[in-house]
Amino acid sequence: MKSAEEFLRQFSADDVEVSSTTERDLQHENAELAELARKIENRAVALLAIREHGARELKAKLLSKFPETTELLAECQEPAGLVGRVVEQVIEHCQQRNWQSDDRYIEQAVRSLMEKGQGPLKIRQKLQQACERSDLIEVHLEMDQADWLDRIQTVLLKKYGETARPQNRNEQAKRMRFLQSRGFPPELIWKAFR
C-alpha cells in the first residue's frame, strides 16, 4: 500500500492529466466548471491519501464540502444536480485508477472492527453506511459460527477477565447486554453462555 506522501506525489505528477480527463468527461468549455471539478478531485485524493473510504462515505464528504449553490449553478450555467454529477465522475475516476476501492475498504474495516471487539451486526451496519456493495460486505463477514463464538470469548475475556458463565443471573444479563451492544446476534450470545 502506498504511503500518503507517495500517493500525493503521484497525483501531483498526474495533476495536468487528471484535470484534463475530468474536463473531457464533462465535455464542457466552462472554466468555472473545470475549476470545480479540479477542486473536487483534489479533495477526493487528499481524503483517500489519509485513509481508505467507501464510495458512499467519500461521496457524502465531497458533497458536504462542495455544496451546490444557486450562484454556482448560475456561474456554470448548469441545471441543478451539477455537483452530484461531478462528484460521481470524480469517484468513478478514482476507482478506475484504483485509488478508491470498496473491496479494499471493506476488508480493512472488517479486520479493524473485529480487532476492536465488534460483532457482525454492528460491523455490517457501519459498512452499509460507508459503501453500497452489500455483496462484498456479506463475503467479508462470512465466518463460521465457531469463529464468531471464539470472538465472543475473546471479547468477554478482555472485558471481564473470564469467559465462564456467571452464577449470578444479573451479572449474566449484564454481560449479555454488553455483547449485544457490541453487535453480536442473540443466537450467538445464547450459545456463548450455555
Side-chain angles (χ1 to χ4, degrees), residues 1-11 42-66 87 90-92 94-95 97-194:
M1 180 172 242
K2 293 180 184 177
S3 70
E5 292 81 23
E6 290 172 319
F7 193 80
L8 287 173
R9 209 176 9 249
Q10 178 189 355
F11 178 75
N42 288 343
R43 181 65 180 167
V45 169
L47 288 169
L48 290 169
I50 294 170
R51 70 168 178 86
E52 289 286 344
H53 285 73
R56 182 181 286 171
E57 177 186 29
L58 183 60
K59 181 179 180 180
K61 285 184 177 185
L62 292 173
L63 288 174
S64 70
K65 179 72 175 172
F66 298 97
V87 166
V90 165
I91 290 173
E92 226 175 84
C94 290
Q95 289 171 339
R97 290 189 162 246
N98 202 24
W99 294 342
Q100 191 280 325
S101 166
D102 278 343
D103 188 34
R104 201 171 49 230
Y105 170 76
I106 291 169
E107 181 182 351
Q108 174 267 326
V110 167
R111 188 175 43 250
S112 173
L113 291 169
M114 283 179 67
E115 287 172 5
K116 291 180 181 179
Q118 303 297 321
L121 300 177
K122 198 165 196 173
I123 293 172
R124 183 177 291 112
Q125 179 187 21
K126 287 184 178 195
L127 291 175
Q128 286 173 342
Q129 292 171 353
C131 62
E132 299 166 345
R133 299 286 310 270
S134 59
D135 57 328
L136 289 175
I137 294 170
E138 294 307 317
V139 167
H140 285 285
L141 283 177
E142 193 173 295
M143 287 176 57
D144 190 49
Q145 274 197 354
D147 294 333
W148 284 114
L149 286 171
D150 288 344
R151 179 63 49 192
I152 286 176
Q153 297 302 320
T154 304
V155 170
L156 285 172
L157 187 61
K158 184 176 179 181
K159 173 75 174 177
Y160 296 105
E162 64 178 351
T163 60
R165 181 180 179 189
Q167 296 300 318
N168 184 335
R169 294 187 60 74
N170 288 337
E171 182 61 27
Q172 180 180 341
K174 177 182 170 184
R175 292 181 187 193
M176 291 175 94
R177 283 191 305 272
F178 168 72
L179 290 172
Q180 205 170 18
S181 74
R182 289 296 193 137
F184 291 100
E187 60 272 6
L188 284 177
I189 295 171
W190 279 110
K191 286 181 181 180
F193 282 100
R194 282 187 183 174

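Here, residue 1 is the first one in the sequence, and each next residue gets the next number. In this text the structure is predicted, and so the values were computed from the model without any measurement.
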Within 45° cone and under 6.0 Å: R175 NZ/CZ vs Y160 ring: yes
Considering all heavy atoms, the nearest F184-P120 contact: CD2-CD, 3.9 Å
Flag if over 12 foreign heavy atoms under 6.0 Å of CD, Q167: no
Test item: I152 and F193 side chains (from C-beta on) under 4.5 Å apart, heavy atoms: no
Spacing of H140 atom NE2 and Q108 atom CD [to the nearest 0.5 Å]: 11.0 Å
Inter-residue atom distance L141.CG - S134.OG, 0.5 Å rounding: 11.0 Å
From L127 atom CG to E138 atom CD, the distance as rounded to the nearest 0.5 Å: 10.0 Å
From Q172 atom CD to R169 atom CZ, the distance as rounded to the nearest 0.5 Å: 6.0 Å
Neighbour count above 12 (heavy atom, 6.0 Å) for R51 CZ: yes
Y105 and L136, any side-chain heavy atoms less than 4.5 Å apart: no
Side-chain heavy atoms of V139 within contact of I106, under 4.5 Å: no
Side chains of R182 and R151 in contact at under 4.5 Å (non-hydrogen atoms): no
Within 6.0 Å of CD in E142, more than 12 heavy atoms from elsewhere: no
Pairwise side-chain contact, I123 with K126, heavy-atom cut-off 4.5 Å (strictly under): no
Candidate pair R111 and E107, rule salt bridge (charged side-chain N to carboxylate O under 4.0 Å, His left out), full reasoning: CA-CA 6 Å; R111 188 175 43 250; E107 181 182 351; 3.8 Å; yes
From OG (S181) to NZ (K122), nearest 0.5 Å: 6.0 Å
Nearest heavy atoms of I137 and C131, plus distance in Å: CD1-SG, 4.2 Å
Heavy-atom check, side chain of Q153 versus side chain of L149, under 4.5 Å: no
Donor on one side chain, acceptor on other, D102 and Q100, under 3.5 Å: yes
Whether R104 side chain and N98 backbone form a donor-acceptor pair below 3.5 Å: yes
Between CG on residue L58 and CH2 on residue W99, distance to nearest 0.5 Å: 12.0 Å
